[in-house]
Amino acid sequence: MSDASAPTNLLINIILRFGFLIVFAAFFALFAFWNPVFVQGGNLMNIVEGSAVLMILALGMTLIVATGGIDLSIGIALDFGAAFAVVAMKSYGLDWFGAACAGVIGGSIVGLFNALLVVGLKISPFLATLSTFFIGSSVQRIFTNGGGPISHRRMPEEFRNLALGDVFGVPTEAVIAFVLVVIYFIVLERSIWGRRIHAMGMQRSAAVVAGIRVNRILILCFVAAAATCAIAGLIAAANIRMFTPLSGFSYLLDAIAAVFIGAALHSRGRPNIPGTVMGVLFLGMVANGLNLMGLNFNTKDALQGIILVSALALAVAQRKARNG
Amino acid sequence: MGQSAFRLSGITKEFPGVRALDDASLEVLAGEVHGLVGENGAGKSTVIKVLAGVYQPEAGKVEVDGQLLSPATPANVHAAGVRFIHQELHLVPHFTVTESVFMGQERRGPFGLAKREMRKAAETFLRDTLGLDVSGNRLIRDLGTAERKLVQVARALIDGDAKVVVFDEPTAPLASNEVDIVMGAIARLKAQGIAILYVSHYLSEITDICDRVTVFRQGQTVGVFDNITADSAGDLVFAMVGRNITDMFPPKGDRVVSDGLQITDFTDGQKFAPLTMSVGKGEIVGIAGLIGSGREEFVDTLYGLRRRKMGAVSFEGADLTITTAAQAVRSGLVLVPRDRRHDGLVLSMSVAENVTLATLEDNAVMGLENRNAARKATLAQVQSLDIRPPNPDAITRLLSGGNQQKVVLARWLSTSARIFIFDEPTVGVDVGAKAEIYQLIEELAGEGACVIVSSSDPVELQGVCDRIVVMTRGALVGEMQADAISVDDLVAATTGASSVEEIRNAS
Ligand SMILES: Nc1ncnc2c1ncn2[C@@H]1O[C@H](COP(=O)(O)OP(=O)(O)OP(=O)(O)O)[C@@H](O)[C@H]1O
Ligand SMILES: [Mg+2]
C-alpha cells in the first residue's frame with residue numbers, strides 16, 4: 001500500500017515470480033561448487049538418463065491427476081510391464097517387439113482394472129488405485145513364490161538396448177522418455193481431448209453438463225497411463241535383465257511430487273506436462289547432487305524430503321502471489 | 001437513527017485489468033435497513049469484502065461506529081459488531097441445527113460441551129430473534145432452504161454482539177413462498193435496533209423493506225435514495241443502468257408453432273410421477289413449481305443427469321433416447337443449469353475455454369486445437385451477447401453473475417441445438433441482463449427452437465412463456481395459457497391454494 005515498502009515488495013515479487021527457477025539454479029550452483037564432477041557433461045547426461053523412468057511414470061500420473069484423480073498403482077503397472085515382457089521372452093520365446101507389446105498389454109490390464117473400479121463401481125480413484133496396489137502386489141508375490149526375481153540372462157540384444165543402447169549418442173531410454181513427453185504434451189495441452197480432460201478434472205459436474213463423456217475419458221486415461229508406466233517397466237527390465245517384483249513402488253512418491261511441483265508452477269494450478277518435466281528434473285538433480293556429496297543414505301533421504309517440501313511450499317506461494 | 005453504523009468513503013479497489021470500485025462510498029445509519037443495488041459487476045460484493053477486511057482497497061476509509069479502522073481486518077471488523085451473511089450456505093447437511101449454529105463457537109460447561117444449554121440458546125434465538133420455530137435436534141438436510149438461511153443467520157448473530165448485519169443476495173436461492181420467511185426475520189432484526197445492509201437484484205424486495213437505498217454503477221456511487229416506496233423501482237433502475245427499462249419482457253412474436261418435443265409418461269420412479277407434456281417448435285413452455293415439487297428432478301432426468309424409469313421422448317416424431325447428458329447435447333437438447341457456478345461453468349477456465357467446450361471439434365484439425373479459431377468464435381459470441389469484460393481470456397470465476405450466465409448461453413448458442421431447457425435462467429442476474437436473456441429466449445423461439453423455462457419466479461414465467469405447466473408434490477397438475485392468467489393465479493396454483501381448474505374456469 002505505501003511507497004516506502006516498494007523495493008522490498010519488488011524483491012519479494014521477483015523471488016516469488018521466479019522463485020522456483022532461482023531455487024533450481026541455486027541448487028545447481030551449490031552442487032557444482034561442492035563437487036565439480038556434477039557439471040561435467042557425463043554427469044548431466046546421467047541425471048537425464050537416470051530420470052527417464054521417473055519421467056515416464058510422472059507422465060502417466062499427470063494424466064490421472066489432470067482428470068481430477070490420483071493413481072497409486074503406477075508402480076504396479078510398471079511391474080506388470082516388466083513381468084509380462086520378461087516372461088514373454090523367457091517362457092514363450094517372443095522377440096523383443098512381441099515382448100514389448102506383451103509388457104504394454106500387461107500394464108494396460110492394471111489400468112483397465114482401475115477403470116473398472118472407478119467407473120464401474122464408482123470407487124474414488126484414491127481408494128480404487130490403492131486396492132489395485134495391494135492386489136497387484138500380492139499377485140506378484142504369489143506368481144513369484146514370495147517375491148523372488150525372474151531373471152533372463154539371454155535377453156535379446158534389441159530388448160536390452162531399450163535401456164543400454166543409444167540413438168546418435170543419446171541413451172535410448174532418454175529418447176523414449178522424450179518422445180512420450182512430446183506425445184503427452186500434444187494430447188494434454190494442445191488437443192481437444194486434453195481440453196476435456198482438464199475440464200473434467202477441474203469441475204466434473206460442469207463437464208458432464210457440457211456434454212463431455214467423462215466415463216469414457218476416465219477409462220481411456222487409466223488405460224493410457226498404465227500402458228505408459230508399463231513402458232517404464234520395459235526399460236527397468238532391460239536394464240537389469242530381470243523382473244524384480246514390487247520394484248515400481250519406490251517411484252510413487254517422487255512421481256506424485258513431480259506432478260504437484262509442476263501443477264504449482266502453473267499459473268492456474270493445473271497439472272501440466274512442462275511443469276512435470278521441471279519437477280522430475282529437479283528431483284533427479286537433487287538426488288544426483290546429494291549422492292555426489294557423499295552423504296550417508298539416511299541423511300540423504302531426510303535432506304531430499306526437506307528440499308522437496310520447501311520446493312512445493314515455494315511453488316504454491318508463487319502461484320498465490322501471481323494470482324494476487 | 002441518524003447516527004452512522006458504518007461509513008465507507010472514497011474507496012478504490014483495482015483488480016488486474018478492472019477497477020471494481022472507483023471512489024465509491026456507502027453509509028448505513030444505525031437502525032435502518034439499507035439497500036444496495038447495481039448491475040452485475042457494479043462492485044457490490046467487492047465493497048462488502050472491503051468492509052469485511054477481506055480486500056484491502058488502494059484508497060479510501062472504513063469507519064465503523066465512528067471509529068476509523070486502518071486497515072480494516074476481519075478480526076477488528078468482527079469485534080466492531082459487523083456480521084456477514086454470505087450468499088453461499090456453508091452448512092454441513094448432517095449436522096443438527098444446534099451444532100450448525102455453534103460450529104466454531106461451542107459453549108463449554110463443567111463437563112465438556114454444554115449441549116443442552118446450546119440447544120436452548122439456539123432454539124430461543126431462532127424463535128425470538130428470527131421467528132423460526134424449529135427443534136435444535138433437527139438435521140440441516142431436513143430443513144428447507146429458507147430455514148437453512150436463518151440457521152446461517154443465527155450462527156453469525158448468536159454471540160449477541162452484532163450491531164450491523166450485511167446480507168448478500170439472501171433470497172436468490174429461495175422460492176417465492178420462502179422469501180417471506182427471510183423478510184420477516186430481517187424486519188425482526190431491524191426492530192431490535194440492528195442496522196442492515198441488504199444486497200439484492202429483486203427490486204420489489206428492496207422497495208418493500210429498505211429505508212434508504214444506495215445505487216452503484218461501474219464501481220461508483222451514483223445515488224442515495226431516501227423515502228423508498230413501491231414506486232421507487234423505476235428510479236432505481238434508471239440510476240442502475242442509466243436508461244429506462246420499460247418492458248422487462250419482449251413482446252411475444254407471431255410464432256408458428258409446429259410439432260416438436262413430445263414427452264410421454266415420463267418418470268424417474270422416485271421424485272415425480274409419470275407426466276406427459278409437449279413443447280412445440282417455436283413455443284416457450286414454462287414449468288412452475290415450488291422446491292420439492294419435482295420440477296428440478298424432472299428437468300435433470302430429461303437431460304440425462306438422473307436415471308429415468310420409464311417414458312418416451314420424441315422430437316419431430318422421431319425417438320429421442322437420452323440416458324446421458326452427452327447424448328442430450330449430441331441430440332440437440334441443451335440445458336442452462338440452475339446452479340451455473342457448479343454445473344454450468346468450469347470456473348477456473350477462461351471464457352473462451354467455457355464457450356467452446358461443447359464445440360471443440362469445430363475449432364480443431366484432427367483433434368488439435370486451433371486456438372485462434374476458438375478465440376475468434378468466442379469473440380463473436382462475446383460481442384453479440386455483450387459479455388463484459390469483452391475478453392475471451394478472462395477467467396470465468398471473476399465475471400459477475402449475469403455475465404457468467406451469458407457465457408453458458410454463448411456455449412449453447414454456438415451449437416446447433418434445437419431444444420433449450422432454461423433452469424432458473426436469471427437467478428442472481430441484474431435487471432438489464434435479465435431483459436436481455438428474456439429477449440434471447442424469445443428470439444430462440446422465433447427461430448423455431450423448442451424452449452422450456454423452469455423457474456421459481458412467477459413473474460418471469462408469466463412474462464416470458466406461452467404456456468405454463470404446474471407441478472406440485474411430484475405431479476404435473478395442469479397447464480395454463482400464460483396470457484390468460486395473472487401472476488397471483490400462478491402463485492396460487494403452485495402453492496396449491498387453488499387448483500388449475502378453478503383458475504382456468506375463472507379466467
Ligand atoms: N478477485 C477478483 N479479481 C479480479 N476481478 C474481480 C475480482 N472480484 C471481482 N472482480 C471484478 O470486479 C467487478 C465487480 O465485481 P463484484 O463481484 O463486486 O460485482 P457485484 O456488483 O457483486 O455483481 P453481482 O451482482 O453479479 O454479484 C467485476 O467486473 C468483477 O469481474
Ligand atoms: Mg455480487
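As a basis for the values below, the full set of heavy atoms in this structure was taken, side chains included, without hydrogen atoms, waters or symmetry mates. Below, chains carry the letters A, B, ... as their sequence lines are ordered, and counting in each starts from 1.
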For A:Val208 and B:Leu305 the tightest heavy-atom approach is CG1-CD2, 3.7 Å

Of all heavy-atom pairs linking A:Ile192 and B:Ala364, the shortest is CG2-CB, 3.5 Å

Please confirm whether the backbone N or O of B:Ser348 pairs with a side-chain atom of A:Gln203, one donor and one acceptor, at under 3.5 Å?
no

CZ (A:Arg190) and CG (B:Asn370) are apart, to the nearest 0.5 Å, by 12.0 Å

Exercise for review: Can you establish whether the number of heavy atoms outside A:Phe185 located under 6.0 Å from its atom CZ is more than 12?
Suggested key: yes

message = Does B:Phe15 have more than 12 heavy atoms from other residues, nucleotides or ligands lying within 6.0 Å of its CZ?
response = yes

[X], part contacting chain A, at a heavy-atom distance under 4.5 Å:
| X | result |
| --- | --- |
| B:Arg341 | backbone |
| B:Tyr303 | side chain |
| B:Ala358 | both |
| B:Leu347 | both |
| B:Val329 | side chain |
| B:Leu368 | both |

* Flag the pair A:Arg196 and B:Glu369 as a salt bridge only when some basic side-chain nitrogen lies within less than 4.0 angstrom of an acidic carboxylate oxygen. => no

**Message:** I'd like to know if B:Glu361 and A:Arg195 make a salt bridge, using a cut-off of under 4.0 Å between side-chain N and carboxylate O.
**Reply:** no

Chain A shares the most heavy-atom pairs under 4.5 Å, among B:Gly367, B:Ala326, B:Ala325, with B:Gly367

Problem - B:Gln327 and A:Arg213, any side-chain heavy atoms less than 4.5 Å apart - result: no

Quick one: does A:Arg270's side chain get under 4.5 Å of B:Met349's, heavy atoms only?
yes

Please test A:Glu189 against B:Arg371 for salt bridge (charged side-chain N to carboxylate O under 4.0 Å, His left out), starting from the C-alpha separation and ending with a verdict.
CA-CA 11 Å; A:Glu189 320 293 346; B:Arg371 290 191 184 174; over 6 Å; no

